[in-house]
Peer 1: 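Just dropping this structure here.
Side chains are part of it too, since the values below use all heavy atoms of this structure and drop only hydrogens, waters and symmetry mates.
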Amino acid sequence: FPEQLIESELFGHKKGAFTGAIDAHQGIFARCSPFGATFIDEIGEVTIPVQIKLLQVLQEREFTPVGSHYKEKFQGRVIGATNQPLTELRKEKRFREDFYYRLCSDVIEVPPLRQRLQENPREITILLSFIIERIVGRQSPELVAEIDRIIGEQQPEHYGWPGNIRELEQCVRQILLKGVYNWQQEEGSQYGVLADRMEEGCLSANQLLATYCSNLYTRLGTYEAVATLTKLDRRTVKKYIVQSVADSPP
């Protein structure tokens with residue numbers, strides 16, 4: 001959304017507040033009940049001016065509709081979601097520190113699908129049940145079992161599910177329609193390359209760790225996630241990833 005349209009949708013606007021505002025509009029914050037929540041997806045993409053106004057809402061529990069001089073009360077909660085690395089955005093001054101610390105009272109990090117299935121392979125049955133019920137309109141244990149079997153037989157070894165849950169949904173749809181799924185396995189899988197170099201015995205301990213951290217970073221997307229998984233310090237992880245990039249052939 002253009003910045004002005006985001007503000008109008010969140011805070012509402014008065015009639016004549018801008019070109020095209022032919023009627024007054026009640027924004028999301030005004031429509032949210034005291035026991036409700038406003039969910040803002042991709043909050044990492046919000047511009048700095050909007051972040052400042054959202055900070056005022058969280059801090060003062062008040063907001064001003066576009067084109068108005070009167071403040072209105074907000075009593076609900078704000079939930080934000082993003083797939084952007086907020087730590088990096090904050091370092092680049094694209095996400096305000098004060099807004100982050102006002103927003104992050106409770107943080108839930110959703111791991112990628114590949115990690116979830118590594119930790120609990122049975123979780124795919126739960127996900128398939130949910131996806132199939134949404135597609136066909138009813139629960140179907142038979143379809144869940146059949147698609148789980150086909151995925152188990154067809155899925156390439158160490159497949160990383162780069163598209164996460166959305167890719168799993170498309171996989172289910174294609175199997176329902178055609179019986180097969182076109183696995184997006186990259187040529188020269190990073191895990192295959194790592195295994196080949198280990199087999200050849202041409203990696204030092206530092207190179208092995210650097211390559212592993214780099215592969216994890218490609219999949220997980222942040223230094224923090226890699227540090228959590230490897231039990232290494234974030235700065236150490238970054239050092240190994242930078243080393244891996246420097247050691248890569250041009």
Peer 1: Please report the closest heavy-atom contact between Glu62 and Lys73, naming both atoms and the distance.
Peer 2: OE2-NZ, 3.4 Å
Peer 1: What are the two closest heavy atoms between Ile48 and Lys93, and how far apart are they?
Peer 2: CD1-O, 4.0 Å
Peer 1: Centre of Tyr159's six-membered ring, under 6.0 Å away, within 45 degrees of the axis: is that where NZ or CZ of Arg114 sits?
Peer 2: no
Peer 1: Between Trp161 and Tyr181, what is the ring plane arrangement, given parallel below 30°, perpendicular above 60°, and tilted in between?
Peer 2: parallel
Peer 1: Does the side chain of Glu119 pick up a donor-acceptor pair with the side chain of Gln115 at under 3.5 Å?
Peer 2: yes
Peer 1: For Arg235, is the CZ atom crowded, meaning more than 12 foreign heavy atoms sit under 6.0 Å from it?
Peer 2: no
Peer 1: Quickly, which of Glu45, Arg90, Gln84 forms a side chain to side chain contact (heavy atoms under 4.5 Å, CB included) with Phe95? Name it, please.
Peer 2: Arg90
Peer 1: Side chains of Arg96 and Tyr101: any donor to acceptor distance under 3.5 Å?
Peer 2: no
Peer 1: Taking atom CZ of Arg122 and atom CG of Leu117, what is their separation to the nearest 0.5 Å?
Peer 2: 12.5 Å
Peer 1: For the pair Val180 and Ile175, evaluate side chain to side chain contact (heavy atoms under 4.5 Å, CB included) and give the outcome as yes or no after the intermediate values.
Peer 2: CA-CA 5 Å; Val180 295; Ile175 290 176; 6.0 Å; no
Peer 1: What do you reckon, is CD of Glu92 surrounded by more than 12 foreign heavy atoms closer than 6.0 Å?
Peer 2: yes
Peer 1: What's the spacing between Gln51 CD and Ile43 CD1 if we round to 0.5 Å?
Peer 2: 7.5 Å
Peer 1: Is a side-chain N or O of Ser214 found less than 3.5 angstrom from the main chain of Ala210, in a donor-acceptor match?
Peer 2: no
Peer 1: Examine the side chains of Glu133 and Ser140 and answer whether a donor and an acceptor come within less than 3.5 Å of each other.
Peer 2: no
Peer 1: Could you list all the salt bridge (Lys or Arg N to Asp or Glu O under 4.0 Å) pairs where at least one residue sits in residues 163-177, not counting sequence neighbours?
Peer 2: Arg134-Glu169
Peer 1: Please assess Arg234 against Glu88 for the test salt bridge (Lys or Arg N to Asp or Glu O under 4.0 Å), listing each intermediate value before the final yes or no.
Peer 2: CA-CA 12 Å; Arg234 180 187 180 281; Glu88 302 300 320; 2.8 Å; yes
Peer 1: Can you see which heavy atom on Glu109 is nearest to which on Ala225, and at what distance?
Peer 2: OE2-CB, 4.1 Å
Peer 1: Just wondering, are more than 12 heavy atoms of other shown residues or ligands nearer than 6.0 Å to CZ in Arg116?
Peer 2: yes
Peer 1: Taking the side chain as everything from C-beta on, heavy atoms only, tell me whether Ile132 gets closer than 4.5 Å to Gln139.
Peer 2: no
Peer 1: Got a sec: does the CZ of Phe130 have more than 12 other heavy atoms crowding it under 6.0 Å?
Peer 2: no
Peer 1: Decide if atom CG of Asp106 counts as having more than 12 heavy atoms of other residues, nucleotides or ligands within a radius under 6.0 Å.
Peer 2: no
